[in-house]
2 protein chains.
Amino acid sequence: MQEKLKNIKLFSVLGDDALSLLANYFKVVNHKKGTILIHAEKVEPYFYILETGIARAYSDGENQQITFWFGQAGDVLLSYNSYINNKPGYENIELLEDSVLYQIHLHDLFELYNQHLALANWGRKIAERELIATENRLIDRSFKDAKERYRDFIVQSPNLIKRVALKHIASYLGVTQVTLSRIRSACK
Amino acid sequence: MQEKLKNIKLFSVLGDDALSLLANYFKVVNHKKGTILIHAEKVEPYFYILETGIARAYSDGENQQITFWFGQAGDVLLSYNSYINNKPGYENIELLEDSVLYQIHLHDLFELYNQHLALANWGRKIAERELIATENRLIDRSFKDAKERYRDFIVQSPNLIKRVALKHIASYLGVTQVTLSRIRSACK
DNA sequence: GTCTACATTTTACAAATGTTAAAAAATAGA
DNA sequence: TCTATTTTTTAACATTTGTAAAATGTAGAC
């Protein structure tokens, strides 16, 4: 397991001692495309890292779902409100492809955080990086119009464009599918 | 200093040992209204906690500034990209009132993170909480129209409505000042 | 192949928001 | 208090985006 974890970029900053500790608790799991790994309104007790596959996080509204995050190989999947506050989360996470994941129980992870300094700081950086990315997306919503956001998305996530339904990309970009379709036809 | 820090909610989860460690490095600083405490495009080496006052974080565009965050008493002010990547950040942070702050050098803070387990986990939670708040704001941009976002803002941040210029609130809500003005006059 | 379900595009119209400019109101300093 | 400056509002018009419904495209089951 330790060898497998070593291949994940997220773990590359960790020393062998931290890695071997983690390896004791991580477990490989496989899930089919369409699996809802994390459910909104529930306390979800697992922390996952995606080895292969694609995932999306979304929230349910009255008439629509809003996809606000995509996960790719090496990314962390979890219910942040479960993780931080031990309370039901706001996000569903769906696997958009058959996936292989590494799974650890939050209980174990927190135990490790409280035992191992390097791991606690590693966990800190995971959240900090995600925060910067999210804050930048929020800022882009104001600075850039939908066309620019779509163009940026194509450049920054060419692999997602190919593999993810446009309706999900539309809501990720903050527009309806009709608007995205208009943008796409104007680009031809 | 330790007694002062104890009054900040952010520190309430810390034990006396962690707090006294921190207290050795934190320093009280005063700044006038209008001070730009954190500059975009620069590596900013300090981590601040606001004791009294109000602050806003904004990014500069070609024709406009986008305010994407407000800080109040007890909140953390820093350049996340300086903090995490030791690289120039994207945010300016301006004090909107005369303020009292606690200041610590990032170098010292990281030293503490690498010495003290409880502090490393405390730093983790700071970022995690901010992440949840930011992610929720991003989701709200899609689910709610400007009128709803304004109403929510009034309810959730009544103190900011009173003390912050409407032009800043407009860009925080993701609309122009003209649109916010229309919303406000329709609410009367 | 044909059927079915689902995804995407297109169309026409409606609603929301942006742009620009100007007026009005509020505020800070002298 | 008065002036100068800034903030906020208002107006007219342009643009973007949303909504609903129909048309088209796509993939898999049979």
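Small disclaimer: the values here were computed from a predicted structure and weren't measured. Residue numbers begin at 1 in each chain, while the letters A, B, ... track the order of the sequences.
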Practice task
Give every residue pair that meets the side chain to side chain donor-acceptor pair (under 3.5 Å) criterion with at least one member in residues 40-56 of chain A, sequence neighbours excluded.
Solution key: A:H39-A:E44, A:Y48-A:Q103, A:E51-A:Y102, A:R56-A:Q65, A:R56-A:T67, A:R56-A:E94, A:R56-A:H168
Exercise for the section: State, with a plain yes or no, whether a side-chain heavy atom of B:D98 is found less than 4.5 Å away from one of B:N30. Expected result: no
Handout entry: Check: A:A118 main-chain N/O paired with A:N121 side-chain donor or acceptor under 3.5 Å
Key = no
Completion exercise
In 5'-to-3' order, the base (B), backbone-only (S) or no-contact (-) status of each nucleotide in nucleotides 11-30 of chain C, using a 4.0 angstrom heavy-atom cut-off, is BB----SBBB----------
Handout entry: Heavy-atom closest pair, residues A:L112 and A:I104
Key = CD1-CD1, 4.1 Å
Interface polar pairs with nucleotides 25-30 of chain D, N/O, under 3.5 angstrom:
none

Exercise for the section: May I ask you to decide if B:V178's main-chain N or O and B:S181's side chain share a donor-acceptor pair within less than 3.5 Å? Expected result: no
Practice task
Please name the residue in the list B:W69, B:F70, B:Y58 that meets the ring pair (Phe, Tyr, Trp, His ring centres under 6.0 Å) test with B:Y172.
Solution key: B:F70
Problem - For B:L95 against B:L50, the heavy-atom pair lying closest together - result: CD2-CD1, 4.4 Å
Exercise for the section: Would you check if there is a donor-acceptor pair between the side chains of A:E135 and B:Y90 at a distance under 3.5 Å? Expected result: yes
Exercise for the section: Calculate the interatomic distance between B:Q177 atom CD and D:dT10 atom P; express it in whole Å. Expected result: 12 Å
Problem - Over 12 non-hydrogen atoms of neighbours within 6.0 angstrom of NE2 in A:H107 - result: no
Exercise for the section: Tell me which residues in residues 160-171 of chain B put a heavy atom below 4.0 Å from DNA chain D, sorted by number, or none. Expected result: B:A165, B:L166, B:K167
Practice task
Indicate the ring-plane relationship of B:W122 and B:F47, choosing parallel, tilted or perpendicular according to the 30° and 60° boundaries.
Solution key: tilted
Problem - Terminal helix-axis angle for the helix from C:dG1-D:dC30 to C:dA30-D:dT1, with five pairs defining each axis and rounding to 10 degrees - result: 40°
Handout entry: same_hphob_cluster(B:I154, B:L96) at 4.5 Å side-chain heavy-atom cutoff
Key = yes
Exercise for the section: Name the orientation class of the two ring planes belonging to A:Y113 and A:F110 (parallel below 30°, tilted from 30 to 60°, perpendicular beyond 60°). Expected result: tilted
Handout entry: Between C1' of D:dT16 and CG of A:L173, the distance in whole Å
Key = 15 Å
Fill in the blank from the handout: Residue set satisfying salt bridge (Lys or Arg N to Asp or Glu O under 4.0 Å) with A:R163, at least two apart, ordered chain then number -> A:E97
Exercise for the section: Please tell me which of the listed nucleotides, D:dT9, D:dT10, C:dT10, lies nearest to the side chain of B:S185? Expected result: D:dT10
